[in-house]
Visitor: 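If you scroll down you'll find the structure; I have some questions about it.
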Amino acid sequence: MAGDRAATTGTAASVEFRQATKRYRGQDAPAIQSLTLEVPAGDICVLVGPSGCGKTTALRLVNRMIELTDGDILLDGQSIRKRPAAELRRGIGYVIQQVGLFPHLTIGENIGTVPRLLGWDRQRIAERVNELLELVSLPDDLRDRYPAQLSGGQRQRVGVARALAADPPVMLMDEPFGAIDPINRERLQNQFLRLQAEIRKTILFVTHDIDEAIKMGDRVAVLRKGGVLAQYATPPELLMHPADDFVEDFVGADRALKRLSLLRVRDVDLWKAPLAHAGRPTADVRAALAEADVPHPLLIDSEGRPVGWLSERDLAHDTVPETPDTAAEPIVELDDIVRDALSDLLRSDTQYGPVVDEHGRVAGVLSVELISHFLSSSRATEQAMGPAERVAS
Amino acid sequence: MAGDRAATTGTAASVEFRQATKRYRGQDAPAIQSLTLEVPAGDICVLVGPSGCGKTTALRLVNRMIELTDGDILLDGQSIRKRPAAELRRGIGYVIQQVGLFPHLTIGENIGTVPRLLGWDRQRIAERVNELLELVSLPDDLRDRYPAQLSGGQRQRVGVARALAADPPVMLMDEPFGAIDPINRERLQNQFLRLQAEIRKTILFVTHDIDEAIKMGDRVAVLRKGGVLAQYATPPELLMHPADDFVEDFVGADRALKRLSLLRVRDVDLWKAPLAHAGRPTADVRAALAEADVPHPLLIDSEGRPVGWLSERDLAHDTVPETPDTAAEPIVELDDIVRDALSDLLRSDTQYGPVVDEHGRVAGVLSVELISHFLSSSRATEQAMGPAERVAS
Amino acid sequence: GSDNNDNGSSSSGAGGKLIKSNSANGDVTVKVGSKNFTEEFILGEIDAQALEAAGYKVKRDLNLGSEQIAFKALKNGNIDGYPEYTSTALTSFFGKKATDIPSDANQAVDQAQTDFSKVGLVAFAPTPFTSANAVGMLKKRADQLGLTKVSDLKGKSLNLTLYGSPECRQRPDCLVGLEQNYGLKFKKFVPVDIGLRYEVLDKKQADLSIIFTTDAQLSTRHDVVTLADDKHVFPPGNVTFVARKSTVNKAGADMQKTIELVQQGLTLKVMRELNARVDVDRETPRQAAREYLKESGYTK
Amino acid sequence: MLSSVVVPVLAQVQIRSRSGNSCIEKNRLCPGWIVDHFDRYTQPLVQHVVLTVTSVAIGFAIAFALALLTRRRRWAVGPILGFTGILYTLPSLAVFFLLLPITGRGTLTAVIALTAYTLQIIFRNIIIGLENVPVDAKDAGLGMGLTDRQLLWRVELPLALPDIVAGLRIASTSTVGLATLAVFAGAGGLGSEIISGSNITFKTGVVAAGGLALLLALALDVVLLVAQRLLTPWRRVNAA
Amino acid sequence: MIHPTFALLSNFSGAFDFIFHTREAQTGGVHVGGLHQVLSFTWEHVKLSGAAILIACAVAIPIGLVLGHAGKGELVAITISNVGRAVPSLALIAFFVAYIGVGFTNVTLALVLLAIPPILTNTYIGVRQVDPEVIDAGRGMGLTAVQVVRRIELPLALSSMFGGIRTSAVNVVATATIAPLAGVLTLGDFILSANVYGADGRLAGAILVALLAVAVELAFATLQRVVSPKGLKVST
Ligand SMILES: Nc1ncnc2c1ncn2[C@@H]1O[C@H](COP(=O)(O)OP(=O)(O)OP(=O)(O)O)[C@@H](O)[C@H]1O
Ligand SMILES: Nc1ncnc2c1ncn2[C@@H]1O[C@H](COP(=O)(O)OP(=O)(O)OP(=O)(O)O)[C@@H](O)[C@H]1O
Ligand SMILES: [Mg+2]
Ligand SMILES: [Mg+2]
């Protein structure tokens with residue numbers, strides 16, 4: 001199995017558009033206009049833009065479902081024009097919105113299509129099918145069912161498995177989750193990101209939903225009508241420095257908040273809390289307060305778990321009391337998404353939240369102020385998670 | 001016209017579920033389980049919940065597309081059981097997800113269906129149709145087109161107009177915007193809310209999207225699997241005090257932020273900014289600073305428009321300089337949604353944002369701290385806009 | 001009914017043949033039938049139109065099919081009468097051997113008469129012309145094989161194909177006769193629609209084809225010959241109008257008188273000409289019949 | 001006696017001289033002849049039209065009634081399709097003669113056979129048409145308070161019309177073809193001009209009669225098509 | 001006139017007697033009817049129809065597949081089927097007899113012409129009905145045009161295709177009944193040469209032809225069910 005699995009995590013190739021242009025017959029305006037962008041091997045590049053802007057066209061140019069009018073596209077530096085279309089396509093996974101499973105073939109046969117074209121022996125195909133079913137976490141008794149007998153979500157995953165069958169270095173996905181309702185959609189997105197963390201393919205992913213783009217993309221290419229590239233950047237860059245008004249509108253007014261959903265608390269360098277243990281002399285605490293970012297000391301128990309904030313009144317005694325005035329609410333975890341943490345901070349009146357590690361020990365303090373500082377600092381960009389980590393938890 | 005318009009803004013009836021229960025034949029688990037809730041006349045009640053939880057069923061019980069197994073439903077205190085189904089339905093507007101316009105009838109004939117059933121004369125029907133087209137802001141040359149000739153959004157509005165034709169006191173809408181892509185969806189929601197502000201019908205509205213529920217509902221009924229009512233409350237209540245874990249999960253981890261999208265900056269009672277005019281003696285400014293919430297004075301021009309924040313160094317001179325150290329970024333408007341304002345504040349390093357009225361004159365200062373205070377105060381609930389106001393701008 | 005004929009002849013002369021319409025016949029309806037080939041259509045139409053001229057109401061049910069169908073239709077009153085060949089009647093209806101058929105038309109009719117009357121039918125006086133089946137072939141082929149009469153076929157028939165109407169297979173005055181009386185065996189016999197009897201010769205599909213002596217083609221085209229029936233298996237038949245006694249009584253003298261009158265003109269030459277007008281000139285039987293009655297002076 | 005009558009030579013039918021090389025005598029395809037002798041085909045043509053139209057009309061009436069019956073009895077659709085399917089399958093020629101003992105020769109027999117043939121085509125299309133009516137249109141109709149009957153006449157039938165007409169078109173065209181066999185049932189029609197007597201060897205005649213049947217079929221098809229277009233204006237608009 | 005139903009009974013008993021026992025021909029001379037003759041005519045009938053259908057398939061299916069795959073010739077396919085339906089089978093046979101001649105080959109050809117339209121059209125429609133997304137996916141996976149036809153379009157079109165063959169088969173069997181007009185002795189001979197076989201023979205012929213047609217219909221209906229892909233039959 002391990003060996004087989006290796007196969008799935010094997011190859012990945014860079015994809016490069018060079019002045020790629022497509023003008024449909026009988027249409028004067030081009031659907032894609034000298035599009036130039038490079039997708040590093042193993043990355044997810046999301047093509048996003050309003051309906052009719054040329055996303056599907058761009059995608060289908062890559063596996064030559066549509067022929068270029070002008071310019072070129074390179075896979076691992078080699079022009080697609082040089083290779084016979086059919087052979088080229090077998091080396092590129094293709095998942096379309098409506099999945100398009102073959103209704104007359106079993107799930108197993110569907111997934112095995114390309115390997116069969118490549119002339120693998122039955123034994124090998126069978127193994128590969130099982131392996132892929134496991135990979136997309138489908139029970140392997142589905143193998144002999146027909147597409148009509150599967151739920152929308154299951155079909156979706158079969159579609160992905162089928163595209164992965166011959167372990168293609170590149171995958172094209174056209175609104176793969178477009179047809180699915182918001183609730184299941186989220187689940188599928190996460191499953192897929194976990195899968196990608198494992199297989200690390202180069203993926204071109206089309207959507208018209210900016211949130212999906214930000215969630216799924218290592219890099220996002222925003223297209224505007226006429227297939228013109230408006231901006232090509234990582235999600236954080238996109239949110240922080242929209243290239244122009246079109247992009248700014250497209251990413252939405254609350255883009256700063258969107259950016260927070262790309263961050264985990266551990267990415268922010270937290271404030272040091274002036275810590276205090278019950279029974280210790282308050283003098284030391286006051287001393288510590290001096291060079292602390294937080295105006296109040298945080299009382300912790302013997303295991304270092306936060307108990308509460310000490311008020312001036314608490315410090316009036318000369319030893320730190322057992323029970324502080326205000327509880328240490330809300331408690332934030334290192335793995336929390338910053339966006340949710342902020343939401344908690346805003347909800348509870350306090351400006352500060354003690355941050356704890358997996359053992360519940362205080363690791364620092366998060367504050368609204370800190371978050372805004374952090375956002376405006378460039379670090380947010382570097383720190384931002386790749387899509388895969390976003391679903392680690 | 002005014003008179004006619006009166007007609008559309010006329011009646012509205014309360015709807016009351018009393019222990020309403022529906023058990024489909026051949027199914028042991030009920031789809032709706034002793035559902036009890038009352039919708040005041042003129043309110044929008046949103047039924048929300050995961051797929052299969054019984055939303056559609058609940059809705060269709062009201063106009064007897066499905067017959068109650070047990071319990072009762074009252075319109076204006078009168079049981080629906082007492083009235084013949086067909087006649088009952090003519091008194092209830094019904095908009096289904098797929099709109100379901102009659103493809104063989106013109107827009108005019110579609111809208112005029114129920115009036116024709118009620119035996120109105122041609123003259124009156126024609127007038128009503130024009131009036132409704134205007135109401136849903138469709139050009140009345142659409143009257144003689146066929147549904148196939150309309151865009152999705154236009155069809156949607158025709159569907160609404162048709163449901164309103166006989167000025168029914170109650171409207172049922174099953175995922176009316178479910179089929180429409182996120183971008184147009186927002187526009188339609190706003191149009192509809194403006195319309196409702198005008199007609200004030202009693203509306204039962206089904207969606208599975210919590211954001212839509214919060215946006216559209218005067219009150220939101222969260223259903224859980226099996227058609228059990230999990231919570232029935234106004235959006236702010238729902239967000240602030242979820243009844244249980246199911247609801248809490250369903251409304252999402254960032255519910256505080258969601259709540260902010262129900263508020264406009266004018267609803268928050270803003271901080272007073274210590275204002276300063278160029279050329280005035282700095283002494284007065286220092287004095288003003290004393291009892292101000294904001295540590296820095298805000299320089300304004302002769303029209304009272306914000307110019308920038310004055311630093312300590314600026315105050316070193318004895319008259320206020322023309323050009324301050326730091327610009328007054330970001331500038332927030334009274335009509336901005338608090339959520340977007342927060343986003344702006346977080347983006348720009350500063351903690352404060354001057355708030356201006358429609359003339360650009362300073363009306364106060366908004367700060368992240370202020371927002372969190374405001375949120376935790378109960379006032380957020382009272383202040384929260386009804387659905388109609390949310391789209392006033 | 002000879003005295004009818006006397007009246008007919010006595011009242012004849014130049015215009016004497018002219019059929020007079022008798023208003024008394026107006027309330028009698030006669031259903032005239034016919035079998036399903038050209039000659040029968042023409043005869044049926046002649047009788048029908050003549051009766052109309054005499055003032056009768058006439059219904060037509062031509063194209064009945066074979067003699068069996070026509071005979072049955074006649075017996076159970078679906079039709080009141082139709083033209084039939086004496087020979088066919090005797091062989092097909094009354095089981096006479098083809099060889100025993102009297103060559104004199106009137107004797108043949110008289111023979112049939114008794115049998116007919118048993119089933120409530122009466123046969124009118126026969127036509128002058130006689131018609132019989134014949135073995136026809138292309139002249140070239142005949143000369144080539146040196147054939148003039150049927151018996152010449154002996155020994156040669158085994159590699160010759162014979163085409164004929166379907167019923168020919170089972171008819172003593174057709175294939176059966178050829179096999180039994182002449183002792184001939186053919187390469188194969190192919191039954192085809194009766195209308196195709198010359199087609200198959202022209203298309204070289206048939207060496208031999210069963211044709212009728214009254215066929216127009218025999219006078220119009222000279223590339224077809226008939227082989228002499230030296231053993232008399234093809235009894236000549238004159239046509240007699242067979243009618244239901246009941247109808248005849250109801251219809252009165254005019255019916256039989258008229259029909260026998262118009263049949264007098266039907267000599268072999270005339271019959272072939274009329275067939276020619278339909279089969280070669282492609283007139284409708286109704287048209288040919290009308291012309292016949294006019295040109296012979298039976299109608300204006 | 002007879003002979004004495006026969007002897008006096010009558011005014012003779014004139015024997016035409018035939019060169020044998022006119023188009024007709026050569027039995028070629030002679031369009032000119034068709035034009036000149038068109039009247040020859042009027043009666044058969046009329047018979048043919050009557051046969052076809054009556055059969056399809058009756059067939060439609062029955063099929064429609066059956067379709068309405070099955071609205072409340074879905075289970076009946078299968079059996080009806082099965083039974084009419086057999087009627088459809090039975091070769092008309094066979095049906096003519098199966099009926100002969102009961103209804104005898106003539107138009108009645110032919111019409112019964114042809115009607116039986118059309119039943120399934122029409123019935124199936126009516127059912128398909130009603131099933132193809134978009135569920136949401138029906139749902140909306142009911143939701144707006146249309147009674148079952150109103151729903152049928154105002155929503156379902158109009159929307160099913162294209163499928164129903166499609167059925168009628170198939171039925172009428174194929175019935176025109178089958179009606180040529182009516183001659184075997186003694187019901188005349190264009191078939192008589194094709195086979196009776198020596199017609200089957202008459203190249204020009206076969207083409208003329210066959211062609212007329214073809215034209216008649218297409219004419220009926222066009223009529224129905226036009227009727228449908230007039231009745232379904234909403235299908236002519238080009239979608240937005 | 002005898003009471004219809006009674007006449008009916010007597011008629012049919014006569015007809016069945018004709019099928020199972022030989023009897024003297026109406027015209028005298030030889031014996032007709034009986035199982036042996038029935039079987040030989042049936043065999044001829046089947047042989048004629050079968051030949052016609054096979055040839056028609058060989059011609060129509062490839063054309064249908066190609067047209068359907070190319071998405072071209074919509075008009076052609078539809079027109080062919082409409083005209084095909086409108087052409088009277090009788091006229092077609094007569095036409096062949098008048099112009100080409102009688103005999104097995106000629107009649108077969110006439111029947112082939114009759115059989116082609118439904119097969120061609122249904123094949124075409126079957127292919128066109130395949131969900132474009134599925135074909136798109138196929139091409140996207142690197143199937144060549146031929147492979148798309150063979151692995152996707154053909155299997156998915158099979159059911160519709162056999163629907164067409166079924167229609168043709170029934171038509172052909174029915175039309176083969178008038179083949180005796182052109183010198184091919186099918187079951188139709190019992191009907192057309194009634195003066196040989198008599199009323200009983202004719203009725204027997206009608207019954208036999210009807211039975212044969214129904215049998216063919218059922219056979220092909222079953223076949224159609226068998227060949228239609230399992231994946232399309234499973235209940236969701
Ligand atoms: N086959 C075609 N022939 C002509 N024009 C086409 C064709 N396919 C697409 N177009 C046009 O090219 C433009 C881009 O189409 P494309 O499908 O790539 O847009 P898209 O971004 O995928 O839109 P959507 O988000 O709705 O899928 C559109 O204006 C479309 O009308
Ligand atoms: N006609 C029916 N017969 C039997 N069960 C039904 C029927 N309609 C719905 N159900 C069941 O009742 C439950 C509630 O169905 P309902 O359509 O009301 O859910 P919903 O909330 O509208 O779902 P969705 O958001 O997907 O529309 C589901 O489990 C469904 O399977
Ligand atoms: Mg697209
Ligand atoms: Mg629902």
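Just so it is clear, the values below take in all heavy atoms, side chains as well, and ignore hydrogens, waters and symmetry mates.
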Visitor: What option among E:S81, E:A174, E:A86 has the most heavy-atom pairs under 4.5 Å with chain D?
Guide: E:A86
Visitor: What heavy-atom pair brings D:G191 and E:L90 nearest, and what distance separates the two atoms?
Guide: CA-CD2, 4.1 Å
Visitor: Just verifying a value: how many Å separate E:R85 CZ and D:L178 CG, rounded to the nearest 0.5 Å?
Guide: 12.0 Å
Visitor: When rounded to the nearest 0.5 angstrom, what is the spacing between CD1 in E:I178 and OG1 in D:T180?
Guide: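 So the CD1 of E:I178 and the OG1 of D:T180 are separated by 7.5 Å.
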Visitor: If we define contacts as heavy-atom pairs under 4.5 Å, which of D:L214, D:I195, D:I86, D:L190 has the most with chain E?
Guide: D:L214
Visitor: Could you tell me the separation between the OG1 atom of E:T175 and the CG atom of D:L181, rounded to the nearest 0.5 Å?
Guide: 7.5 Å
Visitor: Between D:F184 and E:L192, does a side-chain contact (heavy atoms from CB on, under 4.5 Å) hold up when you go through it step by step?
Guide: CA-CA 9 Å; D:F184 290 105; E:L192 296 175; 3.4 Å; yes
Visitor: Look at D:G210, D:S174, D:A217 and state which one has the largest set of heavy-atom pairs under 4.5 Å with chain E.
Guide: D:S174
Visitor: Checking side-chain contact (heavy atoms from CB on, under 4.5 Å) for the pair E:N82/D:T173: CA distance, chi angles, key distance, verdict?
Guide: CA-CA 8 Å; E:N82 286 344; D:T173 33; over 6 Å; no
Visitor: Please name the pair of heavy atoms, one in E:A98 and one in D:K203, separated by the smallest distance, quoted to 0.1 Å.
Guide: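 Heavy atoms only, the tightest pair is O-CE, 3.1 Å.
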Visitor: Taking non-hydrogen atoms and a cut-off under 4.5 angstrom, which of residues 223-231 of chain D neighbour chain E?
Guide: none
Visitor: Kindly determine whether D:L29 and E:Y99 satisfy side-chain contact (heavy atoms from CB on, under 4.5 Å), including the steps that lead there.
Guide: CA-CA 10 Å; D:L29 177 56; E:Y99 283 82; 3.6 Å; yes
Visitor: Do D:Y88 and E:T167 come close enough that some side-chain heavy atom pair is under 4.5 Å?
Guide: yes
Visitor: Should we say atom CZ of D:R124 is surrounded by more than 12 heavy atoms from elsewhere, each under 6.0 Å from it?
Guide: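 Open: at most 12 neighbouring heavy atoms sit under 6.0 Å from CZ of D:R124.
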Visitor: Testing the basics here: between E:L203 and D:F97, what is the closest heavy-atom pair and its distance to 0.1 Å?
Guide: CD1-O, 3.5 Å
Visitor: For chain D, which residues of residues 209-223 of chain E have at least one non-hydrogen atom nearer than 4.5 Å to it?
Guide: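 Within residues 209-223 of chain E, near chain D: E:V209, E:A210, E:A213, E:V214, E:E217.
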